[in-house]
Amino acid sequence: MGDRNGPEHAKIRPEGEIMENVIFTSSQRDLPPLDSSAYRLLQILADGRKYPRDYLCSQIGGGFRAYLQQLKGDKFNFWLIHTEIGVHAGRKQNFYWLDERHFSQDWELDKNARIISKKEYKDRSFSVAKLALRRVEKAREEKAKADEEYFKTILSRKSAKG
């Protein structure tokens, strides 16, 4: 993790030691396959440091957000990954880091972090569903107006010619 593109304020610990702390309180269901990009992302975040979006993209690829969503969601049992906006290399961007409770080696703290993450995830899901429902109603109204205009204009011309 001593990559020059990563956070400079970090204390370097052996990667194996870091993942052992995370794995200690994790069930099999919580962990992505070892050869997956989601696991690589978890490895990076497992030291508790804040990582800028550009760094994660350079290590995992531009699609790292899909792996982030997998970790934060039901697929791997709701890892609590924090986000804040900051500046890296002169650019404003998101920074990501894993909640310290996941590598505390305390079963209760890890469980609490997952409960918090699950609540945040379900809150977001509920908000998106409400917006979608409103959008359906608006789309229905817009479609009805478009249908009316179509029938009034296009079909009336066809029936006048035919």
Look up atom [atom1] in [X] and atom [atom2] in [Y], then write down how far apart they are to the nearest 0.5 Å.
X: Asp99; Y: Ile116; atom1: CG; atom2: CD1; value: 6.5 Å
X: Leu68; Y: Arg65; atom1: CG; atom2: CZ; value: 7.5 Å
X: Leu56; Y: Ser37; atom1: CG; atom2: OG; value: 12.0 Å
X: Ser117; Y: Ile81; atom1: OG; atom2: CD1; value: 7.5 Å
X: Cys57; Y: Tyr51; atom1: SG; atom2: OH; value: 14.5 Å
X: Trp97; Y: Leu45; atom1: CH2; atom2: CG; value: 11.0 Å

Is [Y] close to [X] at the side-chain level, that is, under 4.5 Å between some pair of heavy atoms?
X: Tyr39; Y: Tyr67; result: no
X: Leu31; Y: Phe76; result: no
X: Asp106; Y: Thr25; result: no
X: Lys72; Y: Trp79; result: no
X: His82; Y: Leu98; result: no
X: Tyr121; Y: Phe78; result: yes
X: Ile60; Y: Ile44; result: yes

Would you call [X]-[Y] a salt bridge at under 4.0 Å N-O?
X: Lys143; Y: Glu148; value: no
X: Asp30; Y: Arg114; value: yes
X: Asp54; Y: Arg91; value: yes
X: Lys145; Y: Glu142; value: no

Around Glu100, counting heavy atoms of other residues, nucleotides and ligands shown, do more than 12 lie under 6.0 Å from its CD?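 Open.
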Taking everything shown except Arg101 itself, do over 12 heavy atoms lie less than 6.0 Å from its CZ?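 More than 12 heavy atoms, drawn from other residues, nucleotides or ligands, come within 6.0 Å of this atom.
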Test salt bridge (charged side-chain N to carboxylate O under 4.0 Å, His left out) on Arg134 and Glu137 and set out the steps. CA-CA 5 Å; Arg134 285 189 212 133; Glu137 292 305 318; over 6 Å; no
Check: Tyr96 ring centre within less than 6.0 Å of Phe64 ring centre: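 Close enough - the centres of the two rings lie under 6.0 Å apart.
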Would you say Val128 and Phe126 are hydrophobically clustered, going by side-chain heavy atoms of ILVMFWY under 4.5 Å?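 Each belongs to a different hydrophobic cluster.
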Is there a path of hydrophobic side-chain contacts, each under 4.5 Å between heavy atoms of I/L/V/M/F/W/Y residues, joining Val136 to Leu131?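 Leu131 and Val136: separate clusters.
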Are a donor atom and an acceptor atom from the side chains of [X] and [Y] found within less than 3.5 Å of each other?
X: His102; Y: Asp110; result: yes
X: Asn94; Y: Glu84; result: no
X: Arg53; Y: Tyr55; result: no

Please check: side-chain N/O of [X] versus main-chain N/O of [Y], any donor-acceptor pairing under 3.5 Å?
X: Ser127; Y: Asp123; value: yes
X: Thr153; Y: Glu149; value: yes
X: Ser125; Y: Lys122; value: no

For Trp107 and Phe24, run side-chain contact (heavy atoms from CB on, under 4.5 Å): C-alpha distance rounded to whole Å, both residues' side-chain angles, the deciding distance at 0.1 Å, then the answer. CA-CA 8 Å; Trp107 295 90; Phe24 182 78; 4.0 Å; yes
So Phe95 and His88, would you call those rings parallel, tilted or perpendicular, with 30° and 60° as cut-offs?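 Ring orientation of Phe95 relative to His88: perpendicular.
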Test log, rule side-chain contact (heavy atoms from CB on, under 4.5 Å), inputs Lys92 and Ile85: CA-CA 7 Å; Lys92 202 176 197 184; Ile85 296 175; 3.6 Å; yes
